[in-house]
Number of protein chains: 2
Amino acid sequence: MPKRPTIIDVAEYAGVSKSTVSRVISGGSVRETTRRRVMTAIEALGYEHNAIASSMRTNRTNIIMLAIPDITNPFWPDVARGVQDVMDDAGYAVVFANSDWRGSREKMFLRMAQRNRFDGILINPIQVTATELDETHLPTVLIGSRTDYPGFDSVGSHSYDGTQQALKHLFSLGHRRIGLIQGKRVNRPGASRMKSYLDFLDEHSLPRDDTLIVEYPFDQRGGYQGAIDLLTLPVPPTAILAANDILAMGALQAAHDMGFAVPGDVSIVGQDDIFAAKITVPPLTTVAKPKYEIGTQAATVLLARINGETDRQWQQHLFPCRLKIRGSTAPPRE
Amino acid sequence: MPKRPTIIDVAEYAGVSKSTVSRVISGGSVRETTRRRVMTAIEALGYEHNAIASSMRTNRTNIIMLAIPDITNPFWPDVARGVQDVMDDAGYAVVFANSDWRGSREKMFLRMAQRNRFDGILINPIQVTATELDETHLPTVLIGSRTDYPGFDSVGSHSYDGTQQALKHLFSLGHRRIGLIQGKRVNRPGASRMKSYLDFLDEHSLPRDDTLIVEYPFDQRGGYQGAIDLLTLPVPPTAILAANDILAMGALQAAHDMGFAVPGDVSIVGQDDIFAAKITVPPLTTVAKPKYEIGTQAATVLLARINGETDRQWQQHLFPCRLKIRGSTAPPRE
DNA sequence: TCAACAAATGGGAACGTTCCCATTATAACA
DNA sequence: TGTTATAATGGGAACGTTCCCATTTGTTGA
C-alpha cells in the first residue's frame, strides 16, 4: 500500500512550501494562481487532509459527544437528529454514547471524551455529578430540565408545566383520582413531574394518596406493571398519568388486558408525543415536547460555548410543552 | 488555565523516562515497582492520556462510523445499540451519520471518515458505489442484504425469504390478491423484496398486476398514501404487504380511516417488527428481523477486519427472518 | 523609477505520543 | 564469581499538521 501523500508531497508537486499548502487548505490568504496550482496538485496526488495531525496542533477535533441513556427509547432519536443536523452543518462529527442508565458507563464515556479531546459534550445526566462534569474541562450542555446542575447550560422542556397541563385537562374532565406512573431513575426521581403532581393535588385540595404513585423502569413492561398495580387498587384511579409515552403505552396494554376500556373506564395520558402515540388505539393523549428542537437548540448552545461566542453565565433553555388531546382521555364514568 | 500535563511531566515526576511512562500506559513490560511509581505520578498530576497524539503515531483512532439513512426510523436504534454494545467493549467510539437518504450527505460522511482517519465504517448504503467505498481505503462492512456490492462484507437479514414467509402465510389464509407497498429508494428498488414478491406470484400462478404494486417514501405518510391507492382500486386487494412496519402502520391508519376493517376487510403485514408493531390495534403481523443481532454481528465482523484477524474473502452474513403472526391478518371475507 | 508599504510565501519549531535501537540492570547458570 | 542471556529502561527520531516570524515578491503613489 502506497504511503498517503502529505502536504509536503503536495508542496513539492506544486512547487511551493508546505506553509502555503496549509494556507490553501485552511483558507488563508494566497494568490489565486498559486491556490489553483496547489489545488491541482491536491487533485493529482489524491491528497486527503489529515484531521488527526491538524487536531494535534490546534487542539480541536471537531467531534462532540452525545451521551444519553438509551437510543432505543423513541424520544432520543428525534433529539439526536436535531443535534446532528446542526452539528453536520458546523462540520462536527457526533459520537453517540448510551449509558444504559448505568453511572459507570457514563463515567467511562466522559473519560473517553477527555482522552479523545472531543470539543464538547451534550449529556442527559444519569448519575454523574456537577463536579465530575466540571472536571472534564470540556464545554458541556445538559439536555433535560435539570436544576440540580448549577453552572451548566441546559436545554429541555418545561415538564413541570406540561404535567400541570395534563392534570388540568384531566381535572376539567372531572377526574379526581389520578394515578401517576413514574419512571424509575437510578439515583433521583423525575423531580419536576413529581413536584408538579403533588403541587396540583394540593392546589385543588385533592388528597395525597401514596398508593396512587408507582415507580417502574422506563420501558413498556414498566408501564404495564404500573397500570396493573393501579388498576387493582380497591378504589382504582379514573385516570393515569405516565411519565412518558412508552410507560403510557404499557399502561394502555395493561388496561386492555384487564378489561378496562380506555377512555371509558380509565383515561391515560403520556408524555413526549413519540411517533407511535398517534397510532395506538385509542390514540394517546400526551404532553408533546419539541424533541427535534431540543436537539438543535442544545447543539447550538454548545457550539456557541465551544467558540466562546458567549460570555454569558450558564442559562436554562426551556421549551414549552403542548398538550395533545387525543382519544385516550374522556370524562370518568358516572 | 494550566497546561495539561504530558507523559514528559509524568516521567520527570516519577523519575523515569517518557518511554517508560508510555509503556506503563500501553501495557508494555515494566517492573512492578516502577509501574507503581508512574501510576502515582499520573494520579498526582492528573494526567490524561492524549488519544490524538497517540493516533498520530499509531494511525489508529479507535473510532468508527455508523452511516445510516435515518436514526428516526425505529429499525435503526436497535441496530445502533447492537453496534455500540460491541464497540464499547472493544474500546471504540461510534460516530453516527444520518444520510437522510441523500447521496451527497453520504459522500460527505465518507470524506469525514477519511479525514478523521476513522478505523472503519459500517454503512447501509444509499447511493454510494462500491468503487467509492473502496476508495476510502477503510475497512467497511455493509448493513443490509445487498448483493450489489461484491468485495464487501455484509450483515443483514434474509429478506427474500422473509417476504416469502409473509406471502405464504397470506396465501394459506386464502388471499389471492395481495398488494405490495414498496419503500421508495433514491436510486434502486428494494430489490430482494420485489423479486420475492414476483417470484411468489409466478410460483403460485397468480397474475402479475402492476396496479397492486405502489411505491412511496419510507414513512408513515407513504404507507398511508399507498394503502389509499390500493384500497381505491376497482378491485382492491384483500391483503397488503408493506416493505416495513412504518409503512404498514400508515396503511393500517388509512384502512381505518377509509372504513376498511383490519383484518376483516383487508389483512396487513409489515416487516421489521419494531417495538410499536406490538401495540397497534390490531397488533401487526410482521416479518421480524433480529435488529440488535445485526448490529452486534456487523460490529464484530468490522472489528475482525480492522484487526486483520480474517484473511477470508468478503462474506455475506444473513440472519433468518421470523414471521410473527398477530392480529392484522385473517382469512379474506367470503 | 524608486521608495515605502502591504501582501504572499518560506523555514523551522512545536504539538504529545510511539517505536526503534542502544544501553544498562537483573537473573540464571556453570 | 564471572559470563551470558534476558528483561527493563532511556534517548531520539518520526508522525503531519499549524503557527510564528523572517524574507521575498508585488503594488501603489509621489
Side-chain angles (χ1 to χ4, degrees), chain A residues 1-39 41-42 45-63 91 111-112 114-119 137, chain B residues 1-39 41-42 45-63 91 111-112 114-119 137:
Chain A
M1 185 153 130
K3 213 173 71 62
R4 277 212 181 91
T6 73
I7 50 168
I8 300 190
D9 301 318
V10 174
E12 264 170 27
Y13 189 100
V16 296
S17 78
K18 60 185 173 17
S19 309
T20 302
V21 177
S22 175
R23 268 184 287 261
V24 168
I25 291 166
S26 53
S29 90
V30 240
R31 196 162 328 194
E32 188 51 34
T33 56
T34 41
R35 148 165 289 119
R36 249 198 299 275
R37 256 214 330 265
V38 171
M39 291 306 277
I42 287 177
L45 298 178
Y47 168 79
E48 266 290 343
H49 188 239
N50 185 333
I52 297 292
S54 177
S55 298
M56 174 101 198
R57 247 334 281 233
T58 58
N59 281 314
R60 283 280 203 130
T61 52
N62 281 15
I63 302 179
R111 273 204 306 277
M112 174 187 275
Q114 272 183 84
R115 273 203 319 274
N116 286 93
R117 304 293 192 261
F118 292 157
D119 290 338
H137 299 294
Chain B
M1 186 152 128
K3 215 173 69 58
R4 277 212 180 90
T6 72
I7 50 168
I8 300 190
D9 301 317
V10 174
E12 264 171 26
Y13 188 100
V16 297
S17 78
K18 61 184 172 18
S19 308
T20 303
V21 176
S22 175
R23 268 185 286 260
V24 168
I25 291 166
S26 53
S29 88
V30 235
R31 194 161 331 188
E32 188 50 34
T33 57
T34 40
R35 151 166 286 120
R36 250 197 299 274
R37 256 212 332 264
V38 171
M39 289 308 276
I42 287 177
L45 299 178
Y47 168 79
E48 265 290 343
H49 188 240
N50 186 332
I52 299 292
S54 177
S55 298
M56 175 99 197
R57 249 328 284 232
T58 59
N59 280 316
R60 281 280 202 130
T61 52
N62 281 15
I63 302 178
R111 273 202 307 276
M112 174 187 275
Q114 272 184 85
R115 273 202 320 274
N116 286 94
R117 304 293 193 261
F118 292 157
D119 291 338
H137 298 294

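What you see below is based on every heavy atom in this structure, not just the backbone, and it leaves out hydrogens, waters and symmetry mates. Per chain, numbering begins at 1; letters A, B, ... match sequence-line order.
Under the 3.5 Å distance criterion, the side-chain polar atoms of A/D119 are matched with a main-chain donor or acceptor of A/N62. Of the possible polar contacts, one joining the B/T58 side chain to the B/S54 backbone as a donor-acceptor pair under 3.5 Å is found. Formation of a donor-acceptor pair under 3.5 Å by the A/T61 side chain with backbone atoms of A/S55 is not found in this model. Formation of a donor-acceptor pair under 3.5 Å by the A/N116 side chain with backbone atoms of B/A51 is not found in this model.
The residue among B/V16 and B/N59 whose nearest nucleotide of DNA chain D is located toward the 5' end is B/V16. Positionally, the nearest nucleotide of DNA chain D for B/T33 lies more toward the 5' end than for the other of B/A53 and B/T33.
Residue pairs meeting the side-chain hydrogen bond (donor to acceptor under 3.5 Å, both in side chains) criterion with at least one partner in residues 16-26 of chain B, sequence neighbours excluded, are B/S17-B/T20.
Rounded to 10 degrees, the angle separating the terminal helix axes of the helix from C/dT1-D/dA30 to C/dA30-D/dT1, each built from five base pairs, is 30°.
By the side-chain hydrogen bond (donor to acceptor under 3.5 Å, both in side chains) test, B/R31 pairs with no residue at all, sequence neighbours left out.
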Would you please test B/R115 and A/N50 for side-chain contact (heavy atoms from CB on, under 4.5 Å) and show each step?
CA-CA 5 Å; B/R115 273 202 320 274; A/N50 185 333; over 6 Å; no
For A/R117 and B/R4: C-alpha separation, side-chain torsions, deciding distance, then whether side-chain contact (heavy atoms from CB on, under 4.5 Å) applies.
CA-CA 12 Å; A/R117 304 293 192 261; B/R4 277 212 180 90; 3.3 Å; yes
A/M39/A/I42 under side-chain contact (heavy atoms from CB on, under 4.5 Å): CA gap, chis, key distance, verdict
CA-CA 5 Å; A/M39 291 306 277; A/I42 287 177; 4.3 Å; yes
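As judged by a 4.0 angstrom heavy-atom cut-off over every strand, B/T34 is placed among residues touching the sugar-phosphate backbone only.
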Run the side-chain donor-acceptor check on residues 9-16 of chain B: report pairs under 3.5 Å with partners two or more places apart or on a different chain.
residue	atom	partner	partner atom	Å
B/D9	OD2	B/T6	N	2.8

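Heavy-atom distances under 4.0 Å link DNA chain C to A/S17, A/K18, A/S19, A/T20, A/R23, A/S29 of residues 17-29 of chain A, given in residue order.
Chain A approaches DNA chain D within less than 4.0 angstrom (heavy atoms of the protein), and the contacting nucleotides run 5' to 3' from D/dG16 to D/dG26.
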